[in-house]
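Shown next, in structure tokens, is the structure this report addresses.
So you know, we letter chains A, B, ... as the sequences are listed, proteins then strands, and number each from 1. Keep in mind it's a predicted model, so treat the numbers as computed, not measured.
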Protein chains: 2
Amino acid sequence: MTKPTPTEPRRALTLRDVSEASGVSEMTVSRVLRNRGDVSATTRERVMQASRALGYVPNKIAGALASQRVNLVGVIIPSMSNMVFPEVMTGISAVLDSTGLQPVVGVTNYLPDREEAVLYEMLSWRPSGVIVAGLEHTAAARAMMAQAGIPIVEIMDIDGQVIDSAVGISHRRAGRQMAEAIIASGYRRIAFMGTQMPNDFRAKKRLEGFEEALRRNGMALADHEFYDGGSALLKGREMTAAVLRRSPDIDFLYYSNDMIGAGGLLYCLDQGIDVPGKVGLAGFNGVELLDGLPRRLATMDACRLEIGQRAAQIIAARNQTADLIGQVVELFPTLQPGDTIRPF
Amino acid sequence: MTKPTPTEPRRALTLRDVSEASGVSEMTVSRVLRNRGDVSATTRERVMQASRALGYVPNKIAGALASQRVNLVGVIIPSMSNMVFPEVMTGISAVLDSTGLQPVVGVTNYLPDREEAVLYEMLSWRPSGVIVAGLEHTAAARAMMAQAGIPIVEIMDIDGQVIDSAVGISHRRAGRQMAEAIIASGYRRIAFMGTQMPNDFRAKKRLEGFEEALRRNGMALADHEFYDGGSALLKGREMTAAVLRRSPDIDFLYYSNDMIGAGGLLYCLDQGIDVPGKVGLAGFNGVELLDGLPRRLATMDACRLEIGQRAAQIIAARNQTADLIGQVVELFPTLQPGDTIRPF
DNA sequence: TCGGTCTATGTTACCGCTAACGAAGCCTGT
DNA sequence: ACAGGCTTCGTTAGCGGTAACATAGACCGA
């Protein structure tokens, strides 16, 4: 590679510097650096040399303003610390990488107002598209997205009203499905454990679907417990201990995510409880963490990787072909019975 | 909030639209929206009304070009899926939030070339600063950062040559410290398990420090095992099984991160191995996951939150006061003996 | 009464780059 | 020899804001 220039330039380099150094017009330099338009091999080489020698880095701000094109895609997610969104991001990046588009993430911490603020900030950079987790937004956020004139893909969930496009699963159905599997395996006294967070709409929908299926079978939740903050694994242990102490006749524990489910599983094994004989367990998400547990927790894979990929594909396609229209893609999670639910 | 405008504007709104709608100049609108300069209360209100009614979102691209100021801070990290960087991000966001600066993250997957590409992309948006994990970069990346004319903070590590500023711990020292504690507790046949990745320089430095301390005590690693990819928890189990089978006389297992350490711990407990009597274990990072394990894994907290905070503080301070100079902040991790190492 | 000091607003000139068009040089066939 | 087409490069005019300065009243004390 080129040697770092010895001089320390106080003024930032511009196209003009490169053009003067290489004896061509700014336009030609621009063409070379963007690989656009016809430039002879010799001038191209000369310009590249000069550009590298100077250590020039193009100013995308000016470029974007002039060309009215920004290669950024806003991605708005509620959290980075649970294991689910990194995998969505992997799917998004994998697809976007080959399109010249670049994801920019914003985190909302499950706060609608924060989502609105993050969205506003992102739109002010005029991205080529936005991928946002969930269907629930403030009225203002909804209006902004509807007006933005760019593809908007809401991901993870499809139970609700879509602004433009959506890729996700039906969490209500997922909850129902799990309940039916549990009932089919003969469990009857079922408890639920999940997050306190009122804004985790997807967890809420799963619970709704779950309870609905229970009702249809003439049953109801025998107990429940909520948590917020702290180590999810530890909370899983604690809540499980509390529930089993309070309701010793419980025979199934349904967790709103795998992490607390894993905590519950470890607790049950510690206590020498017969799993899945005396008590069955199930979580949600299908995180790879579960592979390392002493026993495989029953779960339901949320199609995270594919959700990311499909969402990115929609943005990329819309970006190329302007007249495409919004679409809703429903994915279907598969139940992974693992070793913590009695065979049917 | 204002009702969404019924019309669907095909052309993006500009300051001019707002200025016409409110009967003042563009400049005045700009002043109102940025809360800068003197504007009478009545015009301010009128402009706000018009802006909201139209659903105007300022164009930061144009703004940044004109003002030569960008409120973005690039954050370059190797991965989002291990538990360590989310916490660093939390620290960064917490500090940046109150400064008007906004983090933009890029992920390198531990690939130097990818780091260079991500950095180039980021610098082309002329951010107010860059926070980058690690001290090892390609020559070109190093040159770019040195030339950029913005504050650069390298985080996590301080064992090496700093470009501008750095906040981190000495991983070599951390490795040494852990080795000394292990030896002091009477363990003698020590194995190491870690990632295969040749570019996880910090893990490598920990191992170097660890081996150096062993040597100084007339010892050497009795066995080692490396992995890459897959569920870290599961890999921890597998590697531990392999090592204990191969070298049954091992009495201590040192893991390069807590996740594989947790896997190893679960395996040992499954096998009914006396921990820490027959075999001791230790990891690295101090992730909160450990709180939920049946027994607390010995570890060393890597000061992740504080690293993020301090790094952000440096960027913020430099952004306000131009003539500040680079600095290196060393933090000191504390050893948490947990329950998997014999008391001294 | 009048210059001086505010306060509130408008005007002008860019910021660094690219779209769109234009022109010069060079080939080609006739 | 020359029209017509291609390749290669330059010129011009913005993109949508903001810094810096200019301007117009309002107010004020001497």
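- Comparing atom distances between the B:R34 side chain and each of D:dG16, D:dT11, D:dT18 picks out D:dT18 as nearest.
- Going from atom CZ of A:R46 over to atom P of D:dT8 covers 14 Å, rounded to whole Å.
- Checking C:dA19, D:dT18, D:dC9 against every side-chain atom of A:V39, the shortest atom distance belongs to D:dC9.
- Using a 4.0 Å cut-off, some side-chain N or O of B:T43 falls inside it from OP1 or OP2 of C:dT9.
- At C:dT18, one or more side-chain N or O atoms of A:S30 fall inside 4.0 Å of OP1 or OP2 (strictly under the cut-off).
- Between the side chains of B:E45 and B:Q49, at least one donor-acceptor pair of N or O atoms lies under 3.5 Å.
- Within the 4.0 angstrom heavy-atom criterion, only backbone atoms of the sugar-phosphate kind lie near B:R69; the bases stay farther away.
- Protein atom CD of A:E20 is 13 Å distant from nucleotide atom P of D:dG10, rounded to whole Å.
- The distance between atom CZ of B:R36 and atom P of D:dT18, rounded to the nearest whole Å, is 9 Å.
- Using a 4.0 Å heavy-atom cutoff across all strands shown, B:D38 reaches at least one base atom of the nucleic acid.
- Of the candidates D:dC15, C:dC17, C:dT18, the closest approach to any side-chain atom of A:S67 belongs to C:dT18.
- One finds no side-chain N or O of A:Y56 lying less than 4.0 angstrom from the OP1 or OP2 phosphate oxygen of C:dG16.
- Taking a 6.0 Å sphere around CZ of A:R16, one finds it holds 12 or fewer heavy atoms contributed by other residues, nucleotides or ligands.
- Exactly one residue among A:R142, A:E116, A:E154 makes a side chain to side chain donor-acceptor pair (under 3.5 Å) with A:H137. That residue is A:E154.
- For C:dG16, its base never sits under 3.5 Å from the side chain of B:R126 at any donor and acceptor pair.
- In this structure, CG of B:N59 is placed 13 Å from C1' of C:dC15, rounded to the nearest angstrom.
- Under the 4.5 Å side-chain criterion, counting only non-hydrogen atoms from C-beta, A:V70 is not in contact with A:W125.
- A:L65 has its CG atom 12 Å from the P atom of C:dG16, to the nearest Å.
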### Task
Evaluate the criterion side chain to side chain contact (heavy atoms under 4.5 Å, CB included) for residue pair A:L331 and A:I158; output intermediate values, then yes/no.
CA-CA 9 Å; A:L331 302 178; A:I158 58 153; over 6 Å; no
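- For A:A66, the side-chain atoms get nearest to D:dG14 when compared with the rest of D:dG14, C:dG10, D:dG16.
- As a whole-Å value, the separation of A:M27 CE from C:dC21 P is 13 Å.
- Rounded to whole angstrom, the span from the CZ atom of A:R31 across to the C1' atom of C:dC17 amounts to 13 Å.
- Which of C:dG10, C:dC17, D:dC15 sits closest to the side chain of B:T28 comes down to C:dG10.
- Straight-line distance from the CD atom of A:Q68 to the P atom of D:dA13: 19 Å, rounded to whole Å.
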